[in-house]
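Heads up: the structure comes next, in structure tokens.
All figures in this text were calculated on a predicted structure; none of them were measured in a lab. Both ligands and their constituent atoms are indexed starting at 1 by order of listing.
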Amino acid sequence: MILVTGGLGYIGSHTCVSLSDAGQDLVILDNLSNSKAAVLERLREICPNVVQFEKGDIRDKATLTRVFNTFKISAVLHFAGLKAVGESNKSPISYYDNNVGGTLCLLEAMTAAAVRTLVFSSSATVYGDCSDVPIPEDNSRSATNPYGRSKLFIEDILADLYASDNQWRIARLRYFNPVGAHESGRIGEDPVGVPANLMPYIAQVAVGHREQLNVFGGDYPTRDGTGLRDYVHVMDLAEGHVAALRGLQRQGGMLTVNLGTGRGTSVLELINAFSLVSQREIPYKIVERRLGDVAQSYAAVGHAEQILGWKAKRQLSDMCADHWRWQIENPDGYPES
Ligand code: NAD
Ligand code: UDP
């Protein structure tokens with residue numbers, strides 16, 4: 001059985017589907033701080049295998065001990081954590097507590113239970129303000145905010161752990177910009193309040209929840225002046241986790257891998273692609289640059305293909321079509337339950 005922390009969240013829930021499709025039974029541990037119980041019902045509809053659920057916090061040792069004692073866990077996929085850059089500037093302690101402190105508790109519990117296979121959700125944010133694209137895994141790392149620093153700290157903790165005991169099998173997966181939803185339209189991204197990210201914002205404008213999109217900066221040194229990012233379909237990302245788990249089971253070691261498509265898409269290109277797929281107009285206005293944004297960020301993807309045999313398959317039009325299906329079929333996100 002695989003333990004999925006944060007498995008009711010956006011990326012975790014989609015990864016549960018891919019794991020289940022790959023024949024795995026799952027137990028999800030989530031404190032519902034940024035997700036709803038309805039996700040579990042939807043997962044049980046879609047997933048062919050057993051999905052167990054424990055409501056609880058990864059910082060709670062008793063909960064972790066109970067989970068490891070109750071289920072026969074062979075590996076952990078660790079998504080639980082806080083992820084909003086702006087909020088992390090305002091509440092750095094809760095970011096370090098949840099992300100770093102939570103990971104330490106999890107690692108202690110894994111050690112006690114002799115479970116030493118871990119796939120960790122890192123982020124392209126560890127490349128700091130690097131704009132030299134495509135970005136390879138051996139690029140220098142830095143942080144520009146507490147969220148990013150929490151990911152750097154955890155990456156380093158995992159490297160130290162592996163150096164101390166190479167029985168551990170650890171994958172540090174650096175996601176670029178996950179977007180889209182499962183093809184069924186049953187699960188997707190359900191941000192609380194005003195979306196901080198581009199794709200959910202565009203989708204909410206398209207569905208009529210918001211009037212217009214603010215495009216942050218039109219004077220970047222890019223082909224149309226707006227920022228370039230590496231948008232990757234969340235189901236491709238999910239399949240990347242299955243590939244990482246198989247890679248660890250096959251060869252052990254510590255893997256550090258970018259998960260992206262290797263292609264940069266501008267804000268205006270994403271607006272146009274979404275508009276085409278949804279047949280909706282997306283009104284927008286170009287405003288000041290957002291503080292801390294880089295002009296362009298996209299992944300070097302050769303390493304993922306070489307060591308995991310994984311490559312993103314889905315196109316930008318698929319990302320928009322699947323995101324739109326989720327949005328139009330669930331205009332207010334998941335129901336409260
Ligand atoms: P999310 O907020 O949708 O999911 C995180 C889940 O973890 C939520 O269900 C939340 O309730 C749960 N959680 C948070 N703290 C917890 C705790 N202490 N104990 C138990 N459960 C807890 O986020 P996501 O977009 O699915 O991101 C998953 C991971 O991927 C995060 O670690 C995030 O930093 C990382 N990541 C996300 C992105 C992105 O753009 N979404 C990009 C790079 C990296
Ligand atoms: N962006 C934008 N308007 C928004 C949100 C984002 O123009 O309301 C731009 C942002 O400046 C960046 C791109 O969209 O160029 C992706 O931003 P997002 O926050 O989704 O991802 P990240 O900045 O973390 O890569």
Side-chain angles (χ1 to χ4, degrees), residues 4-15 28-37 39-40 54-60 63-64 77-86 88 94-95 97-99 101-103 105-106 119-127 145 147-148 150-151 154 173-179 187-192 194-202 204-205 210 212-218 220 222 225-232 234 237-238 241 259-260 264-271 284-298:
V4 185
T5 75
L8 296 187
Y10 174 45
I11 303 171
S13 59
H14 288 79
T15 303
I28 292 172
L29 173 62
D30 199 302
N31 65 1
L32 293 169
S33 61
N34 198 35
S35 50
K36 293 190 185 138
V39 182
L40 182 64
E54 290 285 321
K55 184 176 178 206
D57 198 296
I58 54 165
R59 292 165 295 177
D60 180 20
T63 297
L64 284 172
L77 270 69
H78 177 33
F79 298 93
L82 304 179
K83 62 165 182 177
V85 169
S88 81
S94 62
Y95 272 67
D97 180 31
N98 248 283
N99 295 3
T103 302
C105 288
L106 177 66
V119 178
F120 169 64
S121 301
S122 189
S123 166
T125 193
V126 300
Y127 298 122
N145 54 69
Y147 167 68
S150 75
K151 293 292 178 191
I154 298 168
L173 303 182
R174 295 179 180 157
Y175 313 154
F176 278 69
N177 291 58
V179 296
I187 57 169
E189 187 172 13
D190 183 16
V192 177
V194 183
N197 295 111
L198 180 61
M199 185 69 133
Y201 206 109
I202 290 178
Q204 291 196 5
V205 173
R210 300 191 188 275
Q212 69 171 14
L213 171 78
N214 286 327
V215 174
F216 299 140
Y220 282 109
T222 58
T226 65
L228 294 190
R229 293 291 183 278
D230 188 337
Y231 299 98
V232 53
V234 67
L237 200 70
H241 289 73
L259 295 183
T265 300
S266 77
V267 177
L268 297 183
E269 287 165 351
L270 190 62
I271 294 173
Y284 69 86
K285 182 173 75 178
I286 297 190
V287 300
E288 289 291 287
R289 292 181 180 190
R290 184 172 63 180
L291 206 69
D293 273 358
V294 291
Q296 48 183 356
S297 167
Y298 52 91

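- When only non-hydrogen protein atoms are considered, atom 2 (O) of ligand 1 lies nearest to N34 ND2, 2.7 Å.
- Heavy atoms of E189 found under 4.0 angstrom from ligand 1: none, in either backbone or side chain.
- Here the protein heavy atom with the shortest distance to atom 13 (C) of ligand 2 is Y231 OH, 3.6 Å.
- In terms of N/O distances under 3.5 Å, ligand 1 is approached by I11.
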- Query: Given the rule in the side-chain contact (heavy atoms from CB on, under 4.5 Å) test, do K83 and N34 qualify, once you have shown the distances and angles that lead to the verdict?
  - Reply: CA-CA 10 Å; K83 62 165 182 177; N34 198 35; 4.2 Å; yes
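- Ring to ring, Y175 and H241 are close: their centroids are under 6.0 angstrom apart.
- Considering only non-hydrogen protein atoms, atom 4 (O) of ligand 1 sits nearest to G9 CA, 3.3 Å.
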- Please walk me through it: do I271 and V215 pass side-chain contact (heavy atoms from CB on, under 4.5 Å)? CA-CA 10 Å; I271 294 173; V215 174; 3.9 Å; yes
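- When all heavy atoms are compared, the tightest approach of Y10 to H14 is O-ND1, 2.7 Å.
- Each of the following atoms of ligand 1 lies closer than 4.0 Å to a heavy atom of L32: 11 (O).
- Among protein heavy atoms, atom 20 (O) of ligand 2 sits closest to L198 N, 2.9 Å.
- Annotation for ligand 1: atoms under 4.0 Å from non-hydrogen atoms of S121 are 29 (C), 30 (O), 32 (O), 35 (C).
- Protein heavy atom nearest atom 17 (C) of ligand 1, with residue, atom name and distance: N31 ND2, 3.2 Å.
- The nearest heavy-atom contact from the protein to atom 19 (N) of ligand 1 is I58 N, 3.0 Å.
- The shortest side-chain heavy-atom distance between P191 and N197 does not fall under the 4.5 Å cut-off.
- Remark: among candidates K36, E54, K151, the nearest residue to atom 32 (O) of ligand 1 is K151, based on non-hydrogen atoms.
- Between Y95 and Y147, the ring planes are perpendicular. Angles over 60° get that label, and only those under 30° would be called parallel.
- If you check which protein heavy atom lies closest to atom 34 (O) of ligand 1, you get Y147 OH, 2.7 Å.
- The shortest non-hydrogen separation linking T103 to N99 is OG1-O, 2.5 Å.
- The nearest pair of heavy atoms linking P200 to P195 is CB-CB, 3.9 Å.
- Between the CG atom of L173 and the OG atom of S121 there is a distance of 7.0 Å, given to the nearest 0.5 Å.
- Not close to ligand 2: Y147, with no non-hydrogen atom less than 4.0 angstrom away.
- The N/O atoms of R290, backbone and side chain alike, include one that comes under 3.5 Å of an N/O atom in ligand 2.
- When non-hydrogen atoms are compared, ligand 1 lies under 4.0 Å from neither the backbone nor the side chain of N177.
- Atoms OH and CZ, on Y201 and R210 in that order, are 5.5 Å from each other to the nearest 0.5 Å.
- Between L259 atom CG and N177 atom CG the span is 12.5 Å, to the nearest 0.5 Å.
- Protein heavy atom nearest atom 3 (N) of ligand 2, with residue, atom name and distance: N214 O, 2.7 Å.
- D57 CG to N98 CG: the interatomic distance, rounded to the nearest 0.5 Å, is 6.5 Å.
- D30 OD1, 3.4 Å is the protein heavy atom nearest to atom 10 (C) of ligand 1.
- Considering backbone and side-chain atoms together, G227 places no N or O closer than 3.5 Å to any N or O of ligand 2.
- Atoms CG and OG1, on D293 and T226 in that order, are 11.0 Å from each other to the nearest 0.5 Å.
- Interface of N177 with ligand 2, defined as ligand atoms under 4.0 Å from a residue heavy atom, comprises 21 (O), 22 (P), 25 (O).
- The two residues D30 and S35 have their closest heavy-atom pair at OD1-OG, 3.3 Å.
- Residue, atom and distance of the protein heavy atom nearest to atom 7 (O) of ligand 2 are F216 N, 2.8 Å.
- Within ligand 1, counting atoms from 1 as listed, the ones closer than 4.0 Å to a heavy atom of S35 are 8 (C), 9 (O), 11 (O).
- Rounded to the nearest 0.5 Å, atoms CG (L198) and OH (Y231) are 4.5 Å apart.
- Residue-environment remark: OH (Y284) stays at or below the threshold of 12 foreign heavy atoms within 6.0 Å.
- Counting heavy atoms from C-beta on, the side chains of T63 and E54 never come closer than 4.5 Å.
- The single protein non-hydrogen atom nearest to atom 11 (O) of ligand 2 is D293 OD2, 2.5 Å, given as residue, atom name and distance.
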- For side-chain contact (heavy atoms from CB on, under 4.5 Å), just list the numbers for L8 and S13, CA-CA rounded to whole Å, side-chain angles, deciding distance to a tenth of an Å, and then say yes or no. CA-CA 5 Å; L8 296 187; S13 59; 5.9 Å; no
- Task: Go through the steps to decide whether L270 and R229 satisfy the test side-chain contact (heavy atoms from CB on, under 4.5 Å), and finish with yes or no.
- Result: CA-CA 10 Å; L270 190 62; R229 293 291 183 278; over 6 Å; no
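- Taking any N or O of L82, backbone or side chain, none lies under 3.5 Å from an N or O belonging to ligand 1.
- Numbered from 1 in the order shown, with element, the atoms of ligand 1 that lie under 4.0 Å from a heavy atom of L8 read 9 (O).
- Interface atoms of ligand 1 facing S122, defined by a heavy-atom separation under 4.0 Å, are 43 (C), 44 (C).
- For atom 31 (C) of ligand 1, the nearest protein heavy atom (residue, atom name, distance) is F79 O, 3.3 Å.
- Atom numbering of ligand 2 starts at 1 in the shown order; those under 4.0 Å from a heavy atom of N197 are 18 (P), 19 (O), 20 (O), 21 (O).
- Among protein heavy atoms, atom 40 (O) of ligand 1 sits closest to P178 CD, 3.4 Å.
- Annotation: atom 25 (O) of ligand 2 to nearest protein heavy atom, R229 NE, 2.7 Å.
- Taking a cut-off of under 4.0 Å to the non-hydrogen atoms of S33, the atoms of ligand 1 that pass are 10 (C), 11 (O), 13 (N), 14 (C), 15 (N).
- If you look at A196 next to ligand 2, the close heavy atoms, those under 4.0 Å, all belong to the backbone.
- Looking at N98 against ligand 1, only its side chain comes within 4.0 Å, counting heavy atoms.
- Close N/O approach between Y175 and ligand 1 is not found [any backbone or side-chain N/O within under 3.5 Å].
- Under a 4.0 Å criterion applied to the non-hydrogen atoms of R59, ligand 1 contributes the atoms 18 (N).
- The heavy-atom pair separating C105 from I58 by the smallest distance is CB-O, 3.2 Å.
- Taking every heavy atom of V215 and a limit of under 4.0 angstrom, the matching atoms of ligand 2 come to 7 (O).
- When non-hydrogen atoms are compared, ligand 1 lies under 4.0 Å from neither the backbone nor the side chain of S13.
- Here's the thing with L228: none of its N/O atoms is less than 3.5 angstrom from an N/O atom of ligand 2.
- Taking atom 9 (C) of ligand 2 as the reference point, the nearest protein heavy-atom neighbour is V267 CG2, 3.8 Å.
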